[in-house]
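Here the structure comes first, spelled out in structure tokens, and everything after it is commentary.
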Protein chains: 2
Amino acid sequence: MLADLRRPERTFTIRQLCNEFKATPRALRFYEDKGLLTPAREGLNRVYSHKDRVRLQLILRGKRVGLSLSEIRELLDLYDENDDGAAQMARSLKKFRERANALEQQREDIDGALIELREACARLERRLSEIRPDLLPRAADYDQVLRARLDGHGDVALGK
Amino acid sequence: MLADLRRPERTFTIRQLCNEFKATPRALRFYEDKGLLTPAREGLNRVYSHKDRVRLQLILRGKRVGLSLSEIRELLDLYDENDDGAAQMARSLKKFRERANALEQQREDIDGALIELREACARLERRLSEIRPDLLPRAADYDQVLRARLDGHGDVALGK
DNA sequence: GGGTTAGTTGACGTTTACGTAAACGTTGAC
DNA sequence: GTCAACGTTTACGTAAACGTCAACTAACCC
């Protein structure tokens with residue numbers, strides 16, 4: 001086919017990008033509002049270029065790793081303003097490393113919380129098994145694990 | 001000393017509890033507003049009993065493991081209403097297990113994000129070292145690790 | 001004209017856990 | 001007397017990332 005996805009002159013509607021990346025129109029307009037995207041217009045309608053699509057990809061990737069929209073915008077701005085592309089790569093690298101550090105910190109926090117939780121669970125289990133062993137829940141939590149996996153996941157909760 | 005901390009008739013001012021648990025008066029009043037605490041009054045001033053102190057401890061522990069205030073309130077309510085104490089222990093246990101599952105899920109999300117981040121970092125590092133090796137940041141991130149550890153940590157960021 | 005589909009803008013709502021005044025009362029120190 | 005320190009209440013502000021209307025338009029089909 002001549003109309004390849006990669007052909008630079010190909011354009012996209014808001015709905016196409018939403019379907020492709022599983023976003024909502026509201027979200028794309030919101031990103032535009034925040035200066036992350038600036039699609040062309042055809043009359044009123046937004047027309048997303050190939051470059052816009054790439055930007056959107058970067059935005060969503062940034063979100064997945066837990067960057068805020070304003071942080072993402074800073075990075076995207078660099079890609080525009082910058083001439084050689086080396087300086088902004090260095091800045092991106094720095095940002096990414098910071099994010100990685102923050103995430104590792106979050107992981108430690110979670111581990112700490114898990115330790116506290118497990119202790120509390122153990123205490124409760126001991127006392128319950130002494131007093132009312134019939135009330136001890138059992139297979140129910142497997143349910144929850146399964147439901148959790150089908151639910152919201154893939155994105156990182158933003159700390160702070 | 002006769003005036004032991006553990007003597008049940010001992011009471012506390014808002015400030016004392018704040019200092020002890022490193023909270024702000026605003027926070028304690030807020031918890032009261034939300035029905036988590038109901039200290040006595042001496043005129044206008046709040047007077048926290050021994051039991052109030054225990055409740056506050058439970059509140060803060062709940063927060064540390066990432067429970068929302070409304071979830072904490074549900075648990076605390078059970079401690080009050082319930083007669084034998086077994087049923088609410090079972091419910092607490094269930095809640096805690098759910099929280100543990102959710103936290104484990106969050107950990108996986110973070111791990112996924114970290115993988116993506118590390119890949120991105122590796123790409124950037126490769127390209128930078130080819131093009132502008134002088135721009136590669138180095139010891140700077142150790143700084144950030146240290147600063148991060150001194151900063152906000154100990155509490156779990158609530159996801160979703 | 002009527003209906004459907006997809007697009008637009010604008011504005012308010014949601015959620016959580018408080019922070020931050022504003023305005024006032026009480027008590028003790030100096 | 002007056003200042004500071006601590007307490008009180010009420011109420012609005014904040015941050016993030018959209019969701020959820022409402023009201024309108026433009027295009028296409030019959």
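For the numbers below, each heavy atom of this structure counts, side chains included, while hydrogens, waters and symmetry mates do not. The structure displayed is predicted, hence computed values, not measured ones. Every chain is numbered from 1, with letters handed out A, B, ... down the list of sequences.
- In summary, the side chains of A/Gln105 and A/Asn101 do not present any donor paired with an acceptor at a separation below 3.5 Å, with no hydrogens or angles considered.
- Here C/dT16 presents its C1' atom at 14 Å from CG of B/Leu67, a figure rounded to the nearest Å.
- Note on A/Lys63: a side-chain N or O is less than 4.0 Å away from OP1 or OP2 of D/dC18.
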With the criterion being N/O to N/O and under 3.5 Å, what pairs connect the protein with nucleotides 5-8 of chain C, and how long is each?
unit_1: C/dG7; atom_1: OP1; unit_2: A/Arg15; atom_2: N; d: 3.4
unit_1: C/dG7; atom_1: OP2; unit_2: A/Arg15; atom_2: NE; d: 2.8
unit_1: C/dG7; atom_1: OP2; unit_2: A/Arg15; atom_2: NH2; d: 3.2
unit_1: C/dT8; atom_1: OP1; unit_2: A/Arg46; atom_2: N; d: 3.2
unit_1: C/dT8; atom_1: OP1; unit_2: A/Arg46; atom_2: NH1; d: 2.7
unit_1: C/dT8; atom_1: OP2; unit_2: A/Arg29; atom_2: NE; d: 3.0
unit_1: C/dT8; atom_1: OP2; unit_2: A/Arg29; atom_2: NH2; d: 2.7
unit_1: C/dT8; atom_1: O5'; unit_2: A/Arg46; atom_2: NH1; d: 3.1

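- Looking at heavy-atom distances under 4.0 Å, B/Ser70 makes no contact with the nucleic acid at all.
- Atom-to-atom, CZ of B/Phe30 to P of D/dG13 comes out at 17 Å; the value is rounded to the nearest Å.
- Applying the salt bridge (charged side-chain N to carboxylate O under 4.0 Å, His left out) test to B/Arg61 and every residue at least two apart in sequence or in another chain returns A/Glu116.
- A/Tyr31 pairs with exactly one of A/Lys63, A/Arg26, A/Arg55, A/Arg73 by the side-chain contact (heavy atoms from CB on, under 4.5 Å) rule, that one being A/Lys63.
- Each end of the helix from C/dG1-D/dC30 to C/dC30-D/dG1 gets its own axis from five base pairs, and the two axes differ in direction by 30°, given to 10 degrees.
- With rounding to whole Å, B/Glu42 atom CD is found 15 Å from C/dT26 atom P.
- In this structure, A/Leu75 and A/Leu67 have side chains that are in contact, with non-hydrogen atoms separated by less than 4.5 Å.
- Checking side-chain atoms of B/Arg64 against main-chain N and O of A/Ala113 turns up no donor-acceptor pair under 3.5 Å.
- Atom CD in B/Glu71 sits roughly 14 Å away from atom P in C/dT15 (whole-Å rounding).
- Distance B/Phe12 CZ to D/dC6 P: 19 Å, rounded to the nearest Å.
- Every residue was checked against the salt bridge (charged side-chain N to carboxylate O under 4.0 Å, His left out) condition with A/Asp33, not counting sequence neighbours, and none meets it.
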Report, one pair per line, the protein and nucleotides 20-23 of chain D atoms (nitrogen or oxygen only) whose separation is under 3.5 Å.
unit_1: D/dT20; atom_1: O4; unit_2: A/Arg26; atom_2: NE; d: 2.9

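- Counting all heavy atoms, side chain and backbone alike, A/Ile110 lies closest to B/Leu103 at CG2-O, 3.8 Å.
- Between B/Tyr31 and the phosphate of C/dA17, there is no side-chain N or O to OP1/OP2 separation shorter than 4.0 Å.
- No donor-acceptor distance shorter than 3.5 angstrom exists from the side chain of A/Asp111 to the backbone of A/Glu108, with no hydrogens or angles considered.
- Rounded to whole Å, atom P of D/dT10 lies 11 Å from atom CD of B/Glu32.
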Using side chain to side chain contact (heavy atoms under 4.5 Å, CB included), reason through B/Val65 and A/Leu114 one step at a time and then give a plain yes or no. CA-CA 7 Å; B/Val65 302; A/Leu114 277 173; over 6 Å; no
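- If you measure from atom CD1 of A/Ile72 to atom P of D/dA16, you get 12 Å, rounded to the nearest angstrom.
- Listed for the A/Arg132 side chain is no donor-acceptor partner under 3.5 Å among the backbone atoms of A/Leu135.
- As rounded to whole Å, 14 Å separates atom P of D/dA17 from atom CG of A/Leu37.
- A heavy-atom distance below 4.5 Å is found between the side chains of A/Tyr48 and A/Ile14.
- For residues 119-130 of chain B, the set of pairs meeting the salt bridge (Lys or Arg N to Asp or Glu O under 4.0 Å) definition, not counting sequence neighbours, comprises A/Arg97-B/Glu125.
- In this structure, B/Thr24 does not reach the C/dC18 phosphate: none of its side-chain N or O atoms is under 4.0 Å from OP1 or OP2.
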